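Keep in mind the model is a prediction, meaning the values are calculated, not measured.
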Amino acid sequence: MSAKKQSTAPAQKAPAPKAANAPAAPAAPVAKAKNVNVHHLTRVEGHGNIVVAIDKDGTVQTCRWEVPEAPRFFEAMLLGRSYTEVHQITSRICGICSIGHQLASLQATEDALGIRPSEQTVILRKLSLHGENLQSHLLHLGYLVLPDLLGVDSVIPLAKTHKKELTGLIALRRLSNEFCQTVCGRTTHPQRLIPGGMAKTPTVAELRELRQKLADSVDGLKGAAALFGAVKDKLPAFQRKTEYVGLVAHGEYALYWGQIGSTMDRRKPARFYRDITREYMVPQSTAKWSRNMMESYMVGALARFNLNHEHLSPLAAQVARDLGLVAPCHNPYYNNLAQLVECVHSTEDSIALIDALLTRGLRREFPAKITPRAGQGTGAVEVPRGILFHNYEYDDEGRIVQADCVIPTNQNHGNIQHDLDEMVPGLAALSEAEIELRTSMLVRAYDPCISCSTHCIDARGLEDDNPRGVIFVRA
Amino acid sequence: MAKKPKIAFFDFAGCEGDQLQIANLEETLLDVLGHVEIGEFREVRTGGKGPYDIAFVEGSITMPKDEERLKAIRAESKTLVALGACATIGGINCMKNFLGPGVYRPEVYGDRARWYETYDARPLRAVVPVDAEIHGCPIDRDEFLRVTKELLLGKKPWLPDYPVCVECKMAGNVCRYEFGELCLGIITRAGCKATCVTEGARCWGCRGLAPHANMDAARYVMEDRAGRSRLEVQDLMRMYLGYTSTTL
């Protein structure tokens with residue numbers, strides 16, 4: 001498979017006039033023209049390309065983040081499906097965030113059908129979200145980001161050079177998988193989460209064992225924090241004023257529920273998510289883009305940290321201080337560090353949640369009885385990569401009339417482009433390999449989950465009240 | 001020692017959950033990697049070139065351009081393995097086929113639909129010959145290890161030819177039909193240890209039809225015996241089994 005081969009229809013309209021919007025490059029004397037074409041960026045989930053062209057005067061001609069992933073039409077596939085299986089279908093949007101998609105889907109369904117799950121169910125769901133957060137963040141940090149920081153092409157050579165650190169990270173990740181297995185029944189596309197409750201609950205003995213393992217893993221997390229603390233100088237010091245959007249809730253580090261918060265805007269209830277996401281389409285990408293107060297905004301671990309850092313668990317706050325992560329942080333590369341802080345928070349908070357569950361006693365509950373009815377509902381959940389929205393409208397038989405899923409990476413695509421626009425001119429003096437590394441690391445820092453971000457939404461209604469419409473990025 | 005076989009991973013339209021299962025092998029993955037050379041594994045590393053001894057391909061074919069790329073992979077690979085439901089049976093992606101492009105394209109992209117290329121989703125074997133299949137959504141990690149070992153030893157991988165009900169009985173589950181629920185375990189190929197039923201759900205049919213599945217009897221059980229409506233049965237059958245020649 002030729003890596004250079006272009007294989008994307010909308011993306012092929014090169015070169016884009018994007019550079020016209022980019023700030024003028026500092027006139028660094030550059031000996032020759034530079035071209036960086038990362039076709040199918042590696043160590044991310046899904047397909048994305050980075051195209052950078054700098055001419056011999058050091059002026060940026062092209063600087064583009066492209067998403068050519070095959071569209072999968074999830075919103076269309078949901079049409080006419082029954083509320084009993086919608087969460088199982090949307091789960092398949094993404095292998096890594098399958099739990100988050102199920103939870104957002106269940107919230108939307110329960111909102112529409114007027115179901116309130118029990119407190120025990122909510123605790124178990126919060127636990128499963130923590131489990132997924134750990135799974136995803138550790139995969140990203142250990143397997144996808146660490147090789148960049150240690151200057152190798154993948155995690156495989158690290159098995160020889162950094163055996164101790166790597167086995168520590170692998171042990172943590174194995175635990176996160178066991179965590180999800182215990183709570184949800186499977187690590188990917190779990191089967192226990194159903195509308196109105198849980199199809200099966202973990203036993204007291206399983207929860208006790210999990211609690212013990214989580215408590216034992218704290219030392220490993222401290223080790224990981226020390227490892228990243230030692231190599232964090234490798235993260236470029238790049239800052240850009242950015243709007244951060246994420247869930248906020250009273251008295252907790254909001255993950256499972258809350259209102260939509262922003263560092264630049266008022267709080268809004270989740271059902272008004274369209275006022276914030278305002279999706280639009282660009283030809284260079286099969287995924288849609290978003291903007292709110294500024295040209296783009298960022299969601300994810302860093303956004304959550306900036307909005308909710310006061311509610312971090314004690315050890316997580318300590319780790320953040322040790323890593324030098326201070327809110328508000330405007331360096332997108334530090335999203336990696338925020339993820340590490342969240343791993344610690346998720347572990348500590350999970351221990352507290354398991355304690356709460358064991359103290360109040362694990363009950364055998366039957367899922368709430370559901371009578372289908374017509375209605376509309378929204379679910380908003382913080383998944384590893386940021387805030388995720390599902391919105392469904394049901395008919396009176398409980399079948400979907402309209403579905404809308406807004407995925408975190410979609411909301412980040414515009415911000416990735418704007419970060420690149422601002423950063424690339426400053427890189428003109430560097431070698432091609434160095435530019436490639438810096439831009440790739442930037443995209444990886446966002447932990448983009450491109451395969452899910454391309455399942456886009458019905459935008460017909462949105463275009464009318466979106467006066468700027470679509471940006472044409474064609475020559 | 002003989003040269004290590006070169007393996008590679010590729011993906012098309014899908015959630016990449018199957019490659020994730022391989023990453024989830026954790027320590028065992030490092031053992032496997034000791035016996036092979038990784039040619040391409042975009043999700044995990046940078047770089048890589050063919051030809052390959054074994055290519056694992058995940059995801060469905062959903063655009064004419066995908067066909068070109070898949071054929072190129074096929075030409076460079078001695079053995080091509082379809083990984084996961086999207087690749088083996090078309091899976092969830094095939095649900096859109098029942099809507100028709102006139103519906104699903106504008107539903108998602110509005111009047112900008114012509115910008116984006118797509119056609120009916122299909123499994124790999126609809127485009128190129130496939131040498132082995134690892135079923136499931138997501139795949140079973142133990143089954144992946146077993147099939148990979150068999151391929152590395154030059155054997156033809158073994159697949160269960162009996163339905164999920166066999167494994168479900170071994171797992172000691174109460175039959176879903178006893179609860180008046182639908183379940184596709186009666187016609188679906190086994191190999192998953194009936195995990196979905198064990199965890200409280202039903203069989204969704206993600207591993208495809210078992211060989212010689214008796215569809216008439218299945219319909220009798222689901223519609224006449226369990227008393228579920230034609231529409232409910234059709235919904236379930238079309239979720240994963242959309243790309244089969246049986247009437248759905």
Checklist entry - Closest approach of B:C15 and A:H189, non-hydrogen atoms and distance? => result SG-NE2, 3.6 Å
Checklist entry - B:D18, B:N24, B:L99: which one forms the most heavy-atom pairs within less than 4.5 Å of chain A? => result B:N24
Checklist outcome for this item: Closest non-hydrogen atoms of B:L20 and A:R173, given as atom of the first, atom of the second and distance, are CD1-NH2, 4.2 Å
Checklist entry - Which region of B:R74, side chain (C-beta onward) or backbone (N, CA, C, O), has a non-hydrogen atom less than 4.5 Å from a non-hydrogen atom of chain A, or is it both or neither? => result neither
Checklist entry - Taking it one step at a time, do B:Q21 and A:T188 satisfy side-chain hydrogen bond (donor to acceptor under 3.5 Å, both in side chains)? => result CA-CA 8 Å; B:Q21 297 313 305; A:T188 309; 2.5 Å; yes
Checklist entry - Any idea which of A:R81, A:M198, A:K200, A:Q135 has the most non-hydrogen atom pairs under 4.5 angstrom with chain B? => result A:R81
Next on the checklist: Assess the residue pair A:Q191 and B:T195 against the criterion (side-chain contact (heavy atoms from CB on, under 4.5 Å)); give the C-alpha distance rounded to whole Å, side-chain angles, the decisive distance to 0.1 Å, and a yes or no.
Outcome noted: CA-CA 9 Å; A:Q191 297 291 325; B:T195 168; 5.6 Å; no
Item to check | chain B contact via A:I170 - side chain, backbone, both or neither, heavy atoms under 4.5 Å | outcome: both
Next on the checklist: Rounded to the nearest 0.5 Å, what separates atom CG in B:L25 from atom CZ in A:R174?
Outcome noted: 12.5 Å
Checklist outcome for this item: Nearest heavy-atom approach of A:Q88 to B:M239 is CB-CE, 3.9 Å
Item to check | A:A199 versus B:G200, closest heavy-atom pair with distance | outcome: CB-O, 3.7 Å
Checklist entry - Given A:R186 and B:T198, is the side-chain hydrogen bond (donor to acceptor under 3.5 Å, both in side chains) satisfied, shown in steps? => result CA-CA 11 Å; A:R186 193 153 68 168; B:T198 308; over 6 Å; no
Checklist entry - What are the two closest heavy atoms between B:N93 and A:M77, and how far apart are they? => result O-SD, 3.8 Å
Next on the checklist: Could you walk me through whether B:K96 and A:F74 satisfy the side-chain contact (heavy atoms from CB on, under 4.5 Å) test, starting with their C-alpha distance in whole Å, then the side-chain angles of each, then the deciding distance to 0.1 Å, before giving a yes or no?
Outcome noted: CA-CA 8 Å; B:K96 75 168 190 192; A:F74 264 88; over 6 Å; no
Next on the checklist: Is there a side-chain contact between B:L231 and A:R399 in this structure, where contact means two heavy atoms from C-beta onward sitting under 4.5 Å apart?
Outcome noted: yes
Checklist outcome for this item: Max heavy-atom pairs within cutoff under 4.5 Å with chain B, candidates A:L166, A:L78, A:I89, A:T84, goes to A:I89
Checklist entry - Can a donor-acceptor pair be found between the side chains of B:R141 and A:T187 at a distance below 3.5 Å? => result yes
Next on the checklist: Less than 4.5 Å to any heavy atom of chain B: does that hold for the side chain of A:E178, its backbone, both, or neither?
Outcome noted: neither
Checklist entry - Which heavy atom of A:R92 sits nearest a heavy atom of B:I92, and at what distance? => result CG-CG1, 3.8 Å
